[in-house]
Amino acid sequence: MDQDFTTPVENTWCPGCGNFGILNAFRKAIPKLEKQGINPKHLIISAGIGCHGKIFDYVPLSGMYSLHGRSIATVQGIKLGNPNLKVLTFAGDGDAFGEGISHMIFAAKRNADITVIVHNNGTYALTTGQFSPTSQKGFKGPSLPSGNIEEPLNPLSLMLEAGASFVARGYAGRIDHLANLMVEAVLHEGFSYIDVLQPSVVFTNTYKEFNASVEMIEKPAVRLEDAVQLAKRFDKIPIGVFYNVSKPIYHQELYGEWNPVVNRLSHAERIRSIALYLSDHLQE
Amino acid sequence: MDQDFTTPVENTWCPGCGNFGILNAFRKAIPKLEKQGINPKHLIISAGIGCHGKIFDYVPLSGMYSLHGRSIATVQGIKLGNPNLKVLTFAGDGDAFGEGISHMIFAAKRNADITVIVHNNGTYALTTGQFSPTSQKGFKGPSLPSGNIEEPLNPLSLMLEAGASFVARGYAGRIDHLANLMVEAVLHEGFSYIDVLQPSVVFTNTYKEFNASVEMIEKPAVRLEDAVQLAKRFDKIPIGVFYNVSKPIYHQELYGEWNPVVNRLSHAERIRSIALYLSDHLQE
Amino acid sequence: MNDDLFTFLIAGKAGQGTKKAGIVAANFFARFKRNVFQMNDYPSLIRGGHNFSIVSTSTQKIYSHYMKADLAVLLDQRSIKIHQNHLTEHGLLVYDDAIKKQEHGIGIPITSLAKKYSTPDLIVGIAGIATLVAAIACDRSILDTIIQKEYQRNVQDNLGYAHEIYDQVFEKTPKKFILRNGTDTDPILTGAETIGLGVSAAGLDLFFAYPMTPSTPILHFLSLQGKKLGVRTIQPENEIAVANMAIGATFTGARSMVGTSGGGFCLMQEAFSLAGMAEAPVLFFLGQRPGPSTGVPTYTEQGELLHSLYPGQGEFPRIVASPGSIEEAFYLSAELLNLAWHFQTPVILLSEKHLTESSMNVNLQPDKISEVKPLQHNNGNYQRYRKTDSGISPLLFPPSKEMIKWTSYEHDENGYTTEEAEAITQMHIKRRTKQESLVQYLKENIKTVNEYGSGEPFLFTFGSTTMTVREAVLVSGLQCSVIQLIYLQPFPSWHLQKYSGHKAIIIEQNSTGQLEQLLREKCGIHPITSIRQFDGRPFDPELLAEKLKKVTA
Amino acid sequence: MNDDLFTFLIAGKAGQGTKKAGIVAANFFARFKRNVFQMNDYPSLIRGGHNFSIVSTSTQKIYSHYMKADLAVLLDQRSIKIHQNHLTEHGLLVYDDAIKKQEHGIGIPITSLAKKYSTPDLIVGIAGIATLVAAIACDRSILDTIIQKEYQRNVQDNLGYAHEIYDQVFEKTPKKFILRNGTDTDPILTGAETIGLGVSAAGLDLFFAYPMTPSTPILHFLSLQGKKLGVRTIQPENEIAVANMAIGATFTGARSMVGTSGGGFCLMQEAFSLAGMAEAPVLFFLGQRPGPSTGVPTYTEQGELLHSLYPGQGEFPRIVASPGSIEEAFYLSAELLNLAWHFQTPVILLSEKHLTESSMNVNLQPDKISEVKPLQHNNGNYQRYRKTDSGISPLLFPPSKEMIKWTSYEHDENGYTTEEAEAITQMHIKRRTKQESLVQYLKENIKTVNEYGSGEPFLFTFGSTTMTVREAVLVSGLQCSVIQLIYLQPFPSWHLQKYSGHKAIIIEQNSTGQLEQLLREKCGIHPITSIRQFDGRPFDPELLAEKLKKVTA
Ligand SMILES: Cc1ncc(C[n+]2csc(CCOP(=O)(O)OP(=O)(O)O)c2C)c(N)n1
Ligand SMILES: Cc1ncc(C[n+]2csc(CCOP(=O)(O)OP(=O)(O)O)c2C)c(N)n1
Ligand code: SF4
Ligand code: SF4
Ligand SMILES: [Mg+2]
Ligand SMILES: [Mg+2]
């Protein structure tokens with residue numbers, strides 16, 4: 001693998017797009033993770049469909065470019081197939097909180113050991129800027145030219161409510177900070193969610209606001225209520241880790257230490273088991 | 001319509017099922033609503049698929065017996081078709097928080113003017129008792145005989161987080177109280193959610209616990225945080241209205257006072273409009 | 001006609017244990033080394049309503065239950081109303097004497113005796129077994145053995161109750177029936193069990209499902225037994241998660257399968273198409289019940305044949321096959337899982353409630369099943385979507401220093417997204433080539449059609465209906481062939497064209513004649529008549545035999 | 001061949017306004033009362049990459065763009081690489097002189113001049129228009145009019161820039177092209193617009209959609225224009241909500257439609273089957289793009305024909321039709337909405353990106369469209385699913401003192417759930433009868449196939465490919481017929497059988513020959529050859545004409 005983690009694929013994001021910040025942060029996170037003992041070949045990625053999803057082609061890691069909204073299910077499947085792998089998916093706000101919201105809530109609820117990084121640009125960018133679940137009220141897009149009439153979801157407090165054990169917010173304009181969040185999220189055992197403030201220069205050019213109002217969190221809240229409160233602050237926009245607790249992990253609860261592809265029952269053992277089952281059911 | 005709101009359909013719930021309490025409460029709520037000016041012919045019902053859904057056949061109101069998880073979308077469609085109707089759906093916990101959770105969250109988020117009554121029995125009853133999104137950890141069902149490994153969702157705090165403007169809990173064993181909640185929920189303008197504690201005598205026979213620990217709420221919390229706190233109490237199980245606020249309503253934000261089936265553009269007007277559009281695009 | 005056919009019917013309310021009694025009765029007949037077929041009929045409810053279970057048994061092989069019973073045990077008034085005429089000429093009706101006295105049959109205090117015991121509602125099913133054992137004039141000790149094995153909860157109560165019933169029945173109809181011994185010792189299994197065992201033999205690792213009749217029994221079977229068989233089950237939040245998780249799991253090399261029914265399968269179609277594009281080998285079990293929509297959840301139908309041929313948008317290799325017996329389900333499920341991996345494409349195992357939930361004795365030889373290894377990457381630069389002559393690209397699983405990219409987008413050989421005309425064309429051709437390889441493979445290596453009997457007329461059918469048709473042919477004594485299509489996609493026209501121009505009858509369980517449409521259009525087979533039933537119930541072999549005799553007369 | 005065909009090509013990066021320039025160019029040609037066809041080619045990205053727009057114009061009717069341009073304006077290096085050979089014999093290449101000097105063509109300081117203005121990236125599309133106007137030797141005042149109408153933002157900058165380009169081009173190639181005047185004054189519209197207008201004319205009230213190319217343009221059009229046309233749009237959380245809300249809305253009598261593409265349509269199939277069971281009249285727009293799965297989102301294909309025939313589990317009346325031109329899309333959309341209400345069943349309007357996103361001048365006569373009133377309940381006891389001779393039950397909408405129950409379960413005439421054999425059979429027959437009524441109705445009242453030209457060979461095609469085939473026939477000068485299947489389900493075999501045995505060529509945009517499969521199997525039409533393209537691009541009429549000439553030679 002290239003040490004700079006690039007690929008021959010042409011980058012087609014708009015110049016200045018916040019996605020570059022996320023890509024750069026991720027490229028920085030990979031070697032940091034390697035130092036922490038996570039070999040890039042164990043780091044499996046996925047992505048939804050949208051501008052954000054293109055990141056899949058821009059890093060030379062193995063993984064699966066999934067469907068709009070479904071990468072959260074995809075990576076859970078990968079983890080369940082081989083729990084030795086570390087899995088991470090990039091998702092859009094439309095992806096994760098529109099089409100795929102059921103998977104987000106249940107991944108958090110069951111504390112699936114996956115990392116979800118949402119490129120939250122408050123719009124369905126790739127489909128030309130319709131309002132999304134995190135669009136501000138009043139946001140004008142081509143499917144509602146007079147302005148969005150819904151209040152946005154709050155991804156962080158929603159994930160906290162659903163049971164997420166690691167919740168953070170990063171900003172595409174703070175690359176090193178974001179890279180560290182990514183490292184922490186991947187290392188966290190259990191469901192990790194990073195909401196990334198991602199300006200879409202075309203549809204939601206929010207750099208100025210974010211630059212003015214992001215504020216680093218010193219350390220995560222201990223109590224869930226406090227994390228929720230922090231997630232609901234709007235005077236300043238806190239970035240950093242909001243909440244980080246340890247909880248029973250889904251695949252371990254399900255399998256213990258067993259691993260489907262590593263500890264497969266051999267063909268002979270299966271045949272023996274079946275024969276046993278049949279003989280238990282033989283007519284006496 | 002019969003004054004006792006019965007139908008010729010044979011009731012096939014198990015004797016003692018909590019669903020009877022919900023049915024009886026609803027039969028009491030209909031005339032109460034009529035007194036409040038809501039004619040039963042304006043009251044349109046729906047239901048998901050599950051034991052709960054059978055209630056659809058047991059009351060002689062108009063409506064649509066929907067799909068598993070989708071009745072929440074169905075009633076929003078009905079409301080959007082004719083905002084003069086009052087719409088209400090019965091749903092199961094599997095229905096509303098498994099298959100249909102995306103619709104629940106967005107109905108709450110957009111404050112759709114619908115009422116959702118969830119028969120929360122903590123199991124997929126009709127499909128013979130598998131664990132559901134609200135099943136307790138450890139609950140034993142045929143798809144996980146060793147016991148559920150996930151923490152249950154908290155439907156009330158989840159709906160509050162999603163933006164629900166009316167959130168209540170009732171108990172199938174407190175019929176009059178529940179009937180009153182139903183009346184309040186239907187009268188509430190905006191998204192109303194009632195979580196009904198519903199013992200399934202076969203799979204989750206919880207009458208005893210509930211009888212011992214339900215406690216009436218005096219009045220709704222004023223602050224959202226307090227409502228959430230109340231929803232997370234487990235020493236006692238509060239029943240009553242947790243939260244009740246007024247917010248902009250989806251169909252009004254969308255339409256103002258317009259009604260698709262009442263204020264339809266006539267055929268002639270449409271043809272005129274199209275002709276106008278065409279002449280605007282005529283080659284000069 | 002079967003000369004020593006015996007049919008036992010037990011009917012009552014859900015919760016009275018009629019299904020359990022049917023299974024126990026089947027095992028009772030097995031003591032005589034007889035063949036059995038057992039079918040459960042129940043509405044979508046948990047307690048009450050009307051359930052019944054029928055077990056037909058014979059010393060010969062038997063492929064269907066019969067609607068006319070030799071012994072009917074009816075536990076409630078409704079059962080009398082429905083089943084009083086479902087008796088053979090010398091059939092015996094035993095009913096609960098709480099019901100008003102009937103002209104025929106004998107009343108036994110089934111419910112009133114039950115009242116003495118701890119679970120009076122649940123215990124009554126035992127009355128059926130006690131009656132059966134008594135009517136066959138078996139020793140009461142046999143009844144004891146059965147009760148001790150099959151009704152272990154409150155066993156003393158159960159024994160006491162069983163004795164009381166046995167004694168009363170025995171007194172009133174001593175030695176009513178005599179059952180010859182047969183020679184069969186095969187286990188009695190449901191289709192859900194044989195499917196679960198078959199895929200385990202072919203190396204299944206993970207089974208994902210959201211409950212939905214009639215696929216749920218596979219989920220339940222594997223949840224209970226899977227660990228020993230090497231299979232774990234996962235019940236996610238909905239069918240969309242089910243299918244996408246299964247695809248994700250295959251990325252790691254884990255053999256994955258999903259189970260669902262009509263509505264759930266619809267929701268999975270987006271993922272089905274993804275599997276086609278990403279070339280993910282997932283086996284989809286699609287259990288049919290009467291549709292459209294929620295339909296009649298606990299009954300049987302074959303209304304999704306055409307629907308199953310092109311699920312998921314776009315063009316990619318597709319496989320659909322349907323087992324014609326509970327036994328075949330074992331081998332076919334394994335074969336399909338192997339085909340999925342061989343061709344790296346989604347595969348549908350199409351079946352019906354009548355197969356998954358009925359049981360019969362089956363001869364399974366697990367060692368006949370192998371686990372086909374897919375094409376593996378050996379060394380050198382890895383490209384997930386490398387073009388090959390067969391259209392099949394080698395597989396490689398993580399962790400690997402090679403980059404492995406699967407994708408839903410159109411792509412180049414590396415798995416990177418492409419929008420270029422030539423690259424798009426090439427990948428379409430790759431997938432089409434794979435489809436052609438598949439057809440070739442089926443032609444050369446796979447039994448795509450079963451032919452039973454010989455000579456005209458040819459009775460065409462598929463799926464579980466095959467069982468009833470075969471039984472009906474036995475009943476009718478007709479000289480004819482039963483042609484069962486195992487594979488439906490690719491459609492084995494190469495095999496079937498020879499029947500064109502011959503006398504054909506098409507038998508299926510749907511209202512529009514979907515198999516007929518395919519046979520007409522693809523093979524020029526124009527039947528002299530078609531026989532369809534679409535009331536949710538499987539055909540009765542005797543009625544079907546009569547129809548066959550009429551149309552072939 | 002068209003003797004006064006003129007083709008304008010503009011190519012550059014996304015964000016440089018090539019699409020806009022194409023539309024403006026089309027309207028410019030319209031000033032000459034000429035016919036136009038305009039097509040946009042763009043990858044799935046927002047800024048950068050490679051976009052182009054082609055406008056072909058003629059005094060005759062024209063059904064396709066041509067890949068060879070008379071005037072090509074190329075804004076970047078990549079455009080040169082891709083399009084330098086896409087010129088007619090006397091074609092003129094104009095390119096940005098920031099690119100290294102080309103052998104042919106003239107360099108113009110397109111980007112360097114733009115730098116002076118406020119939005120240098122966005123303004124460059126205007127260079128295309130200025131070049132066009134200059135090359136046609138129109139007066140600069142015409143350019144001013146156009147800029148003032150079409151580029152209102154920063155209009156002074158735009159005018160200044162346009163003048164500079166115009167002057168340079170005019171100087172270098174005075175009076176290069178002369179365009180004859182035509183006689184056509186019809187408006188230039190996209191397929192998305194004609195569909196939106198058509199359904200409005202037939203009474204559409206609500207349009208539900210979740211964005212997905214290539215259906216999104218309908219959503220955008222109706223979101224902007226719908227209010228005036230009587231139509232409101234709703235964008236719910238996902239496609240499942242879209243379809244179920246639309247069904248709910250029909251319950252109130254509101255005419256409802258959904259728009260989607262492959263993956264989204266898959267997700268809607270469960271609701272599609274519900275509409276079949278509940279008898280909910282919903283019109284589904286299914287816009288095709290290259291699949292499977294995410295595929296190539298912004299391009300065109302016809303890979304979902306077979307997939308669209310049996311969506312949703314179970315048996316119920318189904319209608320699928322596909323417009324063969326942007327004009328026909330207007331009438332057909334209206335007809336399908338009416339059919340949905342006439343037969344109370346889900347209907348699919350199948351199309352492609354090439355239709356929804358291309359534009360041409362169309363002659364629409366809205367007063368030819370009526371809003372068919374469905375069968376209404378008059379008085380007496382209401383039963384939602386009353387059996388009738390036609391299988392169509394009268395409708396009644398709330399509020400009503402009568403009980404109106406729609407349902408996903410199998411049901412009796414009142415809409416109450418049933419599990420009884422006879423009731424199930426009856427409702428299957430009711431739905432099958434409705435299907436038969438539908439076929440009868442199509443046979444008697446509906447144009448299901450278009451026939452253009454006369455005599456052999458017969459060129460079979462469907463959907464937007466029809467436009468290109470018709471144009472290719474013009475180009476080739478061949479004597480032949482174009483047979484366009486408008487209806488695909490029910491398949492109009494009654495109409496097509498007459499072609500069996502004649503010389504046929506089948507032309508479609510997919511790799512496996514889906515239309516061919518249907519024509520072979522259902523009508524015994526075996527083509528002498530088939531022509532398929534599956535690279536995401538529409539056929540080029542000239543290349544297609546050559547192929548046609550070769551195979552018919
Ligand atoms: C099932 C389905 N529905 C719709 C689409 C079309 N689609 C592609 S990307 C997208 C929205 C992307 O928004 P978001 O997830 O926020 O990503 P962004 O482009 O903003 O990064 C949509 C609706 C799709 N690909 N699949
Ligand atoms: C798409 C789909 N998946 C699965 C089912 C099968 N199904 C019917 S009811 C049900 C669960 C019902 O659970 P819940 O909503 O809690 O209702 P309850 O029976 O407990 O009242 C399921 C999974 C279905 N009908 N449709
Ligand atoms: S549209 Fe927005 S999100 Fe997409 S690449 Fe451009 S700036 Fe980024
Ligand atoms: S199974 Fe449970 S929820 Fe269903 S009817 Fe019986 S008691 Fe009620
Ligand atoms: Mg976004
Ligand atoms: Mg439940």
Side-chain angles (χ1 to χ4, degrees), chain A residues 1 7-9 39 41-42 44 46 49 53-54 56-57 60-67 69-82 84-85 87 100 102-103 105-106 109 254-255 258 260-261 264-267 269-284, chain C residues 27 30-31 33 184-189 197 200-201 203 205-206 208 225 228-230 232 234 236-238 240-254 256 270-271 274 278 361 364 366-367 369-371 397-409 411 415-417:
Chain A
M1 237 162 269
T7 67
V9 177
N39 189 313
K41 73 184 186 186
H42 279 90
I44 306 300
S46 185
I49 305 302
K54 296 182 175 195
F56 184 84
D57 280 348
L61 296 183
S62 292
M64 178 146 173
Y65 208 151
S66 181
L67 297 168
R70 309 305 169 195
S71 70
I72 303 102
T74 306
V75 292
Q76 289 181 76
I78 295 174
K79 187 77 190 180
L80 288 169
N82 183 351
N84 292 349
L85 302 172
V87 298
S102 61
H103 314 308
I105 291 187
F106 279 82
K109 170 185 190 289
L254 195 65
Y255 295 156
W258 185 74
V261 295
R264 292 193 81 205
L265 220 57
S266 72
H267 185 62
E269 286 164 318
R270 287 164 184 264
I271 299 307
R272 217 174 302 134
S273 264
I274 295 168
L276 205 67
Y277 185 86
L278 294 175
S279 70
D280 279 355
H281 286 73
L282 273 194
Q283 305 191 12
E284 293 123 64
Chain C
N27 283 305
R31 297 177 165 262
K33 302 205 190 310
D184 192 284
T185 56
D186 291 332
I188 299 168
L189 301 178
L197 295 172
S200 151
D205 297 305
L206 296 172
F208 296 85
Q225 302 290 346
K228 285 180 272 175
L229 301 168
R232 307 297 166 110
I234 291 131
E237 59 275 20
N238 56 36
I240 302 175
V242 163
N244 284 286
M245 284 189 187
I247 291 171
T250 64
F251 174 80
T252 69
S256 309
E270 190 199 16
L274 166 60
N361 44 336
L364 306 188
D367 42 12
I369 292 180
S370 60
E371 185 179 324
F397 302 111
S400 164
K401 64 173 202 1
E402 295 293 312
M403 184 189 80
I404 309 161
K405 281 200 186 280
W406 294 26
T407 176
S408 74
Y409 272 104
H411 45 263
Y416 288 128
T417 306

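Residue numbers start from 1 in every chain, and the chains themselves are labelled A, B, ... in the order their sequence lines are given, proteins ahead of strands. Side chains included, hydrogens not; waters and symmetry mates left out as well; all remaining heavy atoms used.
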Among the listed options A:V9, A:I274, A:N82, the residue most often paired with chain C at heavy-atom distances under 4.5 Å
A:I274
Using a cut-off of under 4.5 Å for heavy-atom pairs, which of A:H103, A:E269, A:H42 has the most such pairs with chain C?
A:H103
Closest heavy-atom contact between [X] and [Y]?
{"X": "A:S66", "Y": "C:S408", "result": "O-OG, 2.9 Å"}
{"X": "C:Y416", "Y": "A:P8", "result": "OH-CD, 3.9 Å"}
{"X": "C:N238", "Y": "A:S102", "result": "ND2-OG, 3.2 Å"}
{"X": "C:K405", "Y": "A:L61", "result": "NZ-O, 2.8 Å"}
{"X": "C:R232", "Y": "A:Y255", "result": "CG-CE2, 3.9 Å"}
{"X": "C:D205", "Y": "A:P260", "result": "OD1-O, 4.0 Å"}

[X] versus chain C, heavy atoms under 4.5 Å apart: side chain, backbone, both or neither?
{"X": "A:I44", "result": "side chain"}
{"X": "A:L265", "result": "side chain"}
{"X": "A:Y277", "result": "side chain"}
{"X": "A:L85", "result": "side chain"}

Contact part of [X] toward chain A, heavy-atom cut-off under 4.5 Å: side chain, backbone, both or neither?
{"X": "C:F208", "result": "side chain"}
{"X": "C:L206", "result": "side chain"}
{"X": "C:F251", "result": "side chain"}
{"X": "C:A278", "result": "side chain"}
{"X": "C:E270", "result": "both"}

Chain A contacts, top residue of [options] (heavy-atom pairs, under 4.5 Å):
{"options": "C:S256, C:G253, C:G203", "value": "C:G203"}
{"options": "C:P236, C:P366, C:A254, C:A243", "value": "C:P366"}
{"options": "C:A249, C:G415, C:A271", "value": "C:A249"}

C:L274 and A:M64: CA distance, side-chain angles, deciding distance, side chain to side chain contact (heavy atoms under 4.5 Å, CB included) verdict:
CA-CA 11 Å; C:L274 166 60; A:M64 178 146 173; 3.9 Å; yes
Measuring from atom OG1 of A:T74 to atom CG of C:N244, what distance do you get when rounded to the nearest 0.5 angstrom?
5.0 Å
To the nearest 0.5 angstrom, please state how far the NZ atom of A:K41 sits from the NZ atom of C:K401.
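The NZ atom of C:K401 is 8.5 Å from NZ of A:K41, to the nearest 0.5 Å.
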For the residue pair [X] and [Y], establish whether any side-chain heavy-atom pair is separated by less than 4.5 Å.
{"X": "C:F397", "Y": "A:V261", "answer": "no"}
{"X": "A:K54", "Y": "C:T417", "answer": "no"}
{"X": "A:N84", "Y": "C:P399", "answer": "no"}
{"X": "C:L197", "Y": "A:L278", "answer": "yes"}
{"X": "A:Y65", "Y": "C:H411", "answer": "no"}

Would you mind checking if A:K109 and C:E237 are paired as a salt bridge, meaning a charged N to carboxylate O distance below 4.0 Å?
no
